Amino acid sequence: LMCWVLLPLPFGWDDRLTVALRGVTTRLTSQLLDFIGSLHLSYMNVIELPNKKLFIADACSGVQSLYLLLAAALFWGLFQRRSAVHTLLLLG
C-alpha cells in the first residue's frame, strides 16, 4: 500500500494537476505583485519583472509537496494502525 503513492496517477492526471497548480501559483503570485505595487507582466507560467523572468516550475506549484504529504499521511495512518476511514480522511 505504501508503494501505491509512488506510482504516477493514471490517465495523465498528475500532469493535469501540475499544469493546474502552476496556473494557480502564477495567478496568485501576480496578484501579490499587484498588491505590493511591483511592475510585472504575467503570461503562461512566466512572470516577467523589469530586470528578470521568473518561470513557475513544477516544484513551485506544490506537486512534489502534495505527493510528500500524501505519503506522510498514509504512513502515519498505517503506523498508528488507524481505521481505513480515518486514513482516508487524513489523505483528504
Side-chain angles (χ1 to χ4, degrees):
L1 188 60
M2 281 297 295
C3 292
W4 172 76
V5 295
L6 300 175
L7 297 175
L9 296 174
F11 310 115
W13 290 343
D14 54 342
D15 292 333
R16 291 184 210 171
L17 179 63
T18 301
V19 170
L21 287 175
R22 265 195 238 151
V24 169
T25 303
T26 304
R27 189 170 49 255
L28 290 175
T29 303
S30 179
Q31 290 173 357
L32 178 65
L33 289 171
D34 283 339
F35 179 74
I36 63 173
S38 178
L39 183 63
H40 70 283
L41 177 63
S42 174
Y43 59 94
M44 303 268 300
N45 292 320
V46 177
I47 294 181
E48 190 169 346
L49 299 172
N51 56 353
K52 69 170 73 172
K53 290 183 181 182
L54 305 172
F55 179 71
I56 307 298
D58 293 347
C60 296
S61 62
V63 173
Q64 300 302 325
S65 299
L66 177 65
Y67 290 154
L68 177 65
L69 288 174
L70 286 174
L74 182 61
F75 172 77
W76 186 254
L78 294 174
F79 181 74
Q80 293 292 319
R81 298 177 192 245
R82 300 294 181 177
S83 67
V85 172
H86 187 212
T87 304
L88 288 175
L89 288 172
L90 281 173
L91 290 173

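Keep in mind it's a predicted model, so treat the numbers as computed, not measured. The first residue in the sequence is number 1, and the count goes up from there. All heavy atoms count here, side chains included; hydrogens, waters and symmetry mates do not.
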Got more than 12 heavy atoms from elsewhere within 6.0 Å of OH, Tyr43?
yes
Would you say Leu54 and Phe35 are hydrophobically clustered, going by side-chain heavy atoms of ILVMFWY under 4.5 Å?
yes
Co-membership, hydrophobic cluster, residues Val24 and Val19, 4.5 Å side-chain:
no
Rounded to the nearest 0.5 Å, what separates atom CG in Leu89 from atom OG in Ser83?
8.0 Å
Do Asp34 and Ser30 have side-chain heavy atoms sitting under 4.5 Å apart?
yes
Could you tell me the separation between the CD atom of Gln31 and the OG1 atom of Thr26, rounded to the nearest 0.5 Å?
11.0 Å
Nearest 0.5 angstrom please: Leu28 CG to Leu33 CG, how far?
11.0 Å
Note: Leu91 and Ala73 closest approach over all heavy atoms is CD2-CB, 4.0 Å
Taken to the nearest 0.5 Å, the spacing of Leu74 CG from Leu78 CG works out to 4.5 Å
For Thr25 and Thr29, which heavy atoms make the closest approach, and how far apart are they?
O-OG1, 2.7 Å
Please work out whether the ring planes of Trp76 and Phe79 are parallel, tilted or perpendicular, with thresholds of 30° and 60°.
tilted
Looking at every heavy atom in both Phe55 and Asn45, which two are closest together, and how far apart are they?
CD1-O, 3.5 Å
Is it the case that one hydrophobic cluster holds both Leu41 and Met44, taking links as side-chain heavy atoms less than 4.5 Å apart, direct or via other members?
yes
